[in-house]
Structure formats: C-alpha cells, structure tokens
Amino acid sequence: MKKRWKRFEGYVYIAPWLFGFFALQLYPLVVSFIYSFTDFSMLKEPHYIGLKNYIQAFTNDPYFFKSLGVTFMYVLYALPGKLVFALIIAVILNQKIRGIGIFRTLYYLPSILGGSVAVSILWRFIFMKDGMLNNILGVFGFEAFDWIGNPATSLFIVALLQIWQFGSSMVLFLAGLKNISPEVIESARIDGAGALQRFFRITLPLLSPIILFNFVMQMIQLFQDFSAAFVITPNGGPLKKTYLYGMMLYQNGFQFFKMGYASAQSWVLFVIIITITGCIFAFSRKLVHYEDE
Amino acid sequence: MNKKTNRRKLFIYLFLILLAVVMVYPLVYLFFASFKPNDEIFGSASLLPKKWVLDSYKIGWRGSGQFTYGRFLLNTCRMVVPTVVFTVISSLWVGYGFARFDFPLKKFWFYVMIGTMMLPSTVIIIPRYILFKNLGWIDTYLPFIVPAVFAGYPFFVYMVIQFMRSIPRELDEAAKIDGCSSFRIWTDVMIPLCKPAIFSVIIFQSMWTWNDFFNSLVYINSVRKYPVSLALRMNLDSASRVEWNTILAMSLVCIIPCTVLFFVAQQYFVDGIVAGSIKG
C-alpha cells in the first residue's frame, strides 16, 4: 500500500502547478474558444452566433487585415534584426576580447530596461520631431524629420526598440559559443577551412538548437507585443501604421468591450502562431543539429 | 601577419566601443536631460545641461496631483514583492517534483508545461479577466500574485528543473538513507543548493513584474492603485503639452531600481537566462 502511494509522491509537488494549469490556463483557453462563437460583451448576456465573429473579421473589419499586415512587418523587422545582430556580436565577443565583461554588460543593459514604459517614453522623445535625434542631426545640417509621425518610418522606429534589446539573445548565443570546443574549430582550421566556412559549417550548426529556441520564443512574443507601440504611438500611429494586432485585441476587448469578437481575433492569431511554429519545427529538422543524434 | 591581426583587432575594438556608445547613449542622455529646464530639452543637441535644475523632479514627483510617485513606487513594490516570493517558492516546489520524482504521466505533464511557455497570453486574457472580475480581484494585485502561487510562470519552473538536474543525485540519496523525508530533502538539501537559481528567479521576476504594462493595464483601473508603468503613461497622456523634463525625470526614477539590481546581480542574470534556455 505504502509503495503504491510512493509512485504518486511526485504529484504532491506538481499539484500546485496542475491546479494552476487547469484553472488559469486550460480553462481560460477553452472559454475563450467558446466566447469566440458568441456576441459576448460585458454589457449583456452572451448569445451563440456561430461563425459570425470570424466572418466579420475576415470580410467586414477595416482594421483586421491592416493590423495583421502591420504585425507581420513588425515581426519581420524586429526578429531577424535582433537575432542576426545578437549572433554577430556574440561571435565577435567570443574571440578573446579584452574587457568582454564590460561590453557584455553595456549591450545587455537595454534588454533589462527596454520593456518598461519609461524607456518607451524615452524612445518617443528621442525620435519625435523636436527630439534628441533631430537635435543631433541638426548640428550636421539635416532638416528635422518626423520619425514617428511619418508613416514610412513609424513602425520601424517601434521595431528598433526591440532590436536595441538584442542583448538577451546575445548572452545566450555567447554561452552556446563557449560550449563549442576549440579543438573542433582548430582541426577545421588545420584542414584548411576559412573563417566564413568555419562559421557556417561548424559554429552555426552547433549553435542551431539555441538559435531555434530563441527564434521561436521571440517570435511568439513579438506577434503579441504592443506595449511600446501603445506608448510611442497611442492611436496606432500615422495611417494606423503601428496598429499592432495586440493593440487591436486590447481595444476590441477592453475598450469597446466586444469580448466575443476579440476572442475570435485572438484565436486567429493563435492559429497563425501555431502554424508558423509548426512549420519552423518541421523545417528545422533538416537544419538544426542535435548532438545526441 | 602580426601587423594584420593587430589592425584587425583595433578595428574590432573601435566597432565595439562605437556600438557601446550608441547602445547606452539614450540612457545617459535620459539622465542628463532630466536636469535640464524644459525649454533647453528642445533645440539643444548638447548632452550636458547648460543650467542644472531640480524642478523636473519636484514637479514630476507630484504625479497625478492626488497621488505622488512615492505612492506609485510603493504600489509597484506591493505588486512585485509577493509575486516574486510566491514565484520562488512555487517554482522550487514544482521544479523539485519534476526533477526528482518518477510518477505516471510525468513526461506528458512536463511537455504540457513546456507547451504553456508558448501559449500566447493574449488568447487567455479575456476569460482570465472575467474570472478575476467574478472573484472581485480587479483593481487588486491578486491577478499577479495568485498565478505566482500556482507556478503560473513556467519559464521559472523550467529554470529550476534544469538547475536541479545538475545537482548530483547522490546528495539526496544520502539524505534519504539518513531517513529524511522528501520534504526534508527539499528544505535542507535542495533549497540551499539552488541558491543561484533562486537569485535568478528573484531577479528576472522582479524585473518583469516591475516593468509589466499589459497586465497592469487590464487589471488595475484606479489611479490610487497604479504601478509606475501606468502612472508614467498617465502623465504622458494627460498633459496637453507634455512637460518633457518632468516625465523624463520620473522615467529615470522608475528605471533606477532595475538598473541597480542589474549591476549588483549581473552574474545571476547571465546564469539565469542561460539555464532557462539551453536544454541540458
């Protein structure tokens, strides 16, 4: 009897998480799916309306595709920018650089603070028409340019705040690079592999699991992100150029109280994220190298 | 050959220094700009103030008029501290379960937990809001604290699991032979050995909760309860012509705790982020 109980002892420890999973994650997930087929709002009782929310989003919402497009652009700017930059700097710092600690600290600092409203405010101040950047450019004789107010640049400025936070990925890549044994690189060098070849044939494959993990997590986060955009460009920016999907969800759900509709839209995003993640994992089987295989 | 590598090195250092300047300049600028009078902020490219003033801090600190930044900072602490404490305890508890016990369906639950790391928070926020509203938790900090009690931040559980796996099993085997219960092993063996992981959890969770904007925006409605993130945005939006020097001063005040934490406990940031992400 006692032995049988012993098998389940682990459940004593994971019980809080199990409860939290069912009550705070699975239950809301299911409920949000149900809401998405209703006209639920805070003001009246929900009614089942079938696929109406989804149909409305795809056929009769002036902002839906606009916002989806903006979000894809945002991810396309920020994700490769951040990761490629992080990788390049990590590789440079990995070459026995003196003062590596100082550089690492300084590059990492923006990642610590970058998510705060304070830094978003600073960002808005830097790039606004009479802000810091234009003041500096003015010294060199450039005319003031409205970086945030101009629809051509506004989204990029918001994405730049993400790229500025490349430090957290860099630290990860740096740790991964430290794990690659120097002998492997050295023997490749003796075999006549050039620097670029060594990077693409050895370093990159050995680092690929970390890159994949980081890529996926950052992508999921970027698809939903809107805090910075919300502070820098409160109304979705010029011509709604920074009207990110998360902002649309927030407005529909918590400002217009169209919670059924917002739930449907959130499920569209969810399906998009799952699909892309699935494709990445399927595609990565060929590209990502796991050592134990 | 030697000359060539030297020039290359020099070039690399110049690049790294230049990049460091570009990266940190906005933050340095924020510091000095907060001491400038409002009219000097505009139209001057110089970093240092011509005239140092403290007005921006005096006026900015007043906050909404009714509530000062002292209040908002205190609110943020009241939100951050319990969230962090419960995250540490629950992550250690649950992490111990996954790292040291074999039980039916363990693999399954482990992958479920990893999966929830990828679950977009935007999908579940509406039902969570309704749930918390029905429980009367809106405009309190419970929507932050209760998920922490139930290990609702899987990133940290995963971090602890990874860390515990690196602790040799012989240590708890020995304690078991000495007749320690699994709870005693948790309190007397695992927790002391997990110190680095605990520091990482404390640091990351403090920082994330301190900086959180989206959840505060949804769950906190009244100015009286505002954490700093909402207070700053309120100041930014409420003034018709933004008093930029006051708002920059208060922005600086709000990032100082995280900055200090970062410099004091830097090593744990690096260790934590690495432990939480590389599969061991």
Side-chain angles (χ1 to χ4, degrees), chain A residues 7-11 13-14 16-17 19-21 24-25 28-29 31-32 35 92 103 105-107 109-110 112-113 115-119 121-122 125-126 130 132 135-136 138-139 164 168 171-172 175-176 209-210 213 220 224 227 231 234 246 249 253-254 259 262-263 266-267 269-270 273 277, chain B residues 12 16 20 23-24 26 29-30 42-45 90 93-94 96-98 101-104 106 109 112-113 116 118-124 126-128 131 147 150-152 157 182 207 211 213-214 218 229 232-233 236-237 244 247-248 251 254-255 258-259 262 266 270 273-274 277-279:
Chain A
R7 274 185 65 214
F8 291 91
E9 198 182 357
Y11 274 99
Y13 291 94
I14 70 160
W17 172 77
F19 177 80
F21 168 68
L24 299 173
Q25 278 171 323
L29 189 67
V31 171
S32 124
Y35 281 168
I92 292 176
F103 287 121
T105 305
L106 293 179
Y107 298 160
L109 184 62
I112 306 299
L113 308 171
S116 66
V117 171
V119 167
I121 288 173
L122 175 65
F125 177 73
I126 291 172
D130 41 7
M132 183 191 103
N135 283 338
I136 293 174
V139 174
W164 186 57
S168 56
V171 169
L172 263 176
I210 303 173
F213 175 84
I220 294 171
Q224 310 174 67
S227 304
V231 174
L249 286 176
F254 295 99
M259 291 186 152
S263 298
S266 74
W267 270 84
L269 182 67
F270 191 28
I273 290 176
T277 308
Chain B
I12 286 176
L16 290 175
M23 292 289 289
V24 181
Y29 183 84
L30 173 65
F42 302 101
S44 160
S90 65
W93 185 259
V94 175
Y96 181 51
F98 276 115
F101 292 89
D102 273 317
F103 48 87
K106 175 176 158 174
W109 291 124
V112 168
M113 197 200 63
T116 61
M118 299 185 184
L119 182 66
S121 57
T122 41
V123 183
I124 55 174
I126 289 174
R128 266 198 188 190
L131 178 70
F150 294 108
V157 181
S182 64
M207 207 178 68
N211 287 336
F213 176 63
F214 178 50
V218 169
S229 55
L232 282 174
R233 202 182 77 98
L236 187 66
D237 289 355
W244 275 102
I247 200 142
L248 290 178
S251 296
C254 297
I255 61 172
C258 287
T259 313
F262 173 66
Q266 221 203 104
V270 176
I273 198 169
V274 172
S277 317
I278 297 177
K279 300 206 167 162

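Residue numbers start from 1 in every chain, and the chains themselves are labelled A, B, ... in the order their sequence lines are given, proteins ahead of strands. The structure presented is a predicted model; accordingly, all values stated were derived computationally and were not measured. All values below come from the heavy atoms of this structure, side chains included, with hydrogens, waters and symmetry mates left out.
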Part of A:Leu24 lying under 4.5 Å from any heavy atom of chain B: both
For the OG atom of A:Ser32 and the CZ atom of B:Arg128, what is their distance to the nearest 0.5 Å? 12.0 Å
I'd like to know if the side chain of A:Gln224 reaches the main chain of A:Gly246, judged simply by a donor and an acceptor atom lying under 3.5 Å from each other, with no hydrogens or angles considered. no
Segment of B:Phe262 engaging chain A (4.5 angstrom heavy-atom cut-off): side chain
Across all chains, not counting sequence neighbours, the ring-ring contact (aromatic ring centres under 6.0 Å, His included) partners of B:Phe103 are A:Tyr11
Can you say whether B:Met118 sits under 4.5 Å from chain A via the side chain, the backbone, both, or neither, judging by heavy atoms? both
As an exercise, state the distance from OG of A:Ser263 to CD1 of B:Ile126, rounded to the nearest 0.5 Å. 4.0 Å
Starting at SG of B:Cys254, measure out to CG of A:Leu113 and round the result to the nearest 0.5 Å. 11.5 Å
Residue among A:Leu106, A:Val31, A:Leu122 with most heavy-atom pairs under 4.5 Å to chain B: A:Leu122
Given the side-chain rings of B:Trp244 and A:Phe125, with only the six-membered ring counted for Trp, is the space between their centroids under 6.0 Å? yes
From OG (B:Ser121) to CZ (B:Phe214), nearest 0.5 Å: 5.5 Å
Please classify the contact between A:Val139 and chain B as side chain, backbone, both or neither, with a heavy-atom cut-off of under 4.5 Å. side chain
Could you tell me which portion of B:Ile12 (side chain, backbone, both or neither) has an atom closer than 4.5 angstrom to a non-hydrogen atom of chain A? side chain
Non-hydrogen atoms of chain A under 4.5 Å away: do they reach the side chain of B:Ser90, the backbone, both or neither? neither
May I ask you to check whether B:Ser182 and B:Tyr96 show a side-chain donor-acceptor distance below 3.5 Å? no
Structural part of A:Ile273 lying under 4.5 Å from a heavy atom of chain B: side chain
If one checks every heavy atom of B:Phe98 against chain A at 4.5 Å, the contacting part turns out to be both
Please rank A:Gly115, A:Ala118, A:Pro234 by heavy-atom pairs under 4.5 Å with chain B and give me the top one. A:Ala118
Under 4.5 Å from any heavy atom of chain A - which part of B:Leu16: both
Report which part of B:Phe101 has an atom under 4.5 Å of a heavy atom belonging to chain A: side chain, backbone, both, or neither. side chain
Contacting moiety of A:Tyr107, where chain B heavy atoms sit under 4.5 Å: both
Any residue meeting ring-ring contact (aromatic ring centres under 6.0 Å, His included) with A:Trp164, in chain and number order, not counting sequence neighbours: A:Trp123
Would you give the length of the straight line joining atom OG1 of B:Thr116 to atom CD1 of B:Ile124, rounded to the nearest 0.5 angstrom? 9.0 Å
Report which part of A:Ile14 has an atom under 4.5 Å of a heavy atom belonging to chain B: side chain, backbone, both, or neither. both
Find the one option among A:Trp267, A:Phe103, A:Tyr35 whose heavy-atom pairs under 4.5 Å with chain B are most numerous. A:Phe103
N/O donor-acceptor pair under 3.5 Å between B:Asn211 side chain and A:Ile112 backbone: yes
From the list A:Phe19, A:Phe254, A:Phe21, the residue making the most non-hydrogen contacts under 4.5 Å with chain B is A:Phe254
Rounding to 0.5 Å, atoms CZ (A:Arg7) and NZ (B:Lys106) come to a distance of 13.5 Å
Sort B:Leu232 into side chain, backbone, both or neither according to what part of it lies under 4.5 angstrom from a heavy atom of chain A. both
Chain B interface, residue from A:Thr105, A:Ile136, A:Val119, A:Thr277 that has the most non-hydrogen pairs under 4.5 Å: A:Thr105
Proximity breakdown for A:Leu29 and chain B, heavy-atom pairs closer than 4.5 Å: both
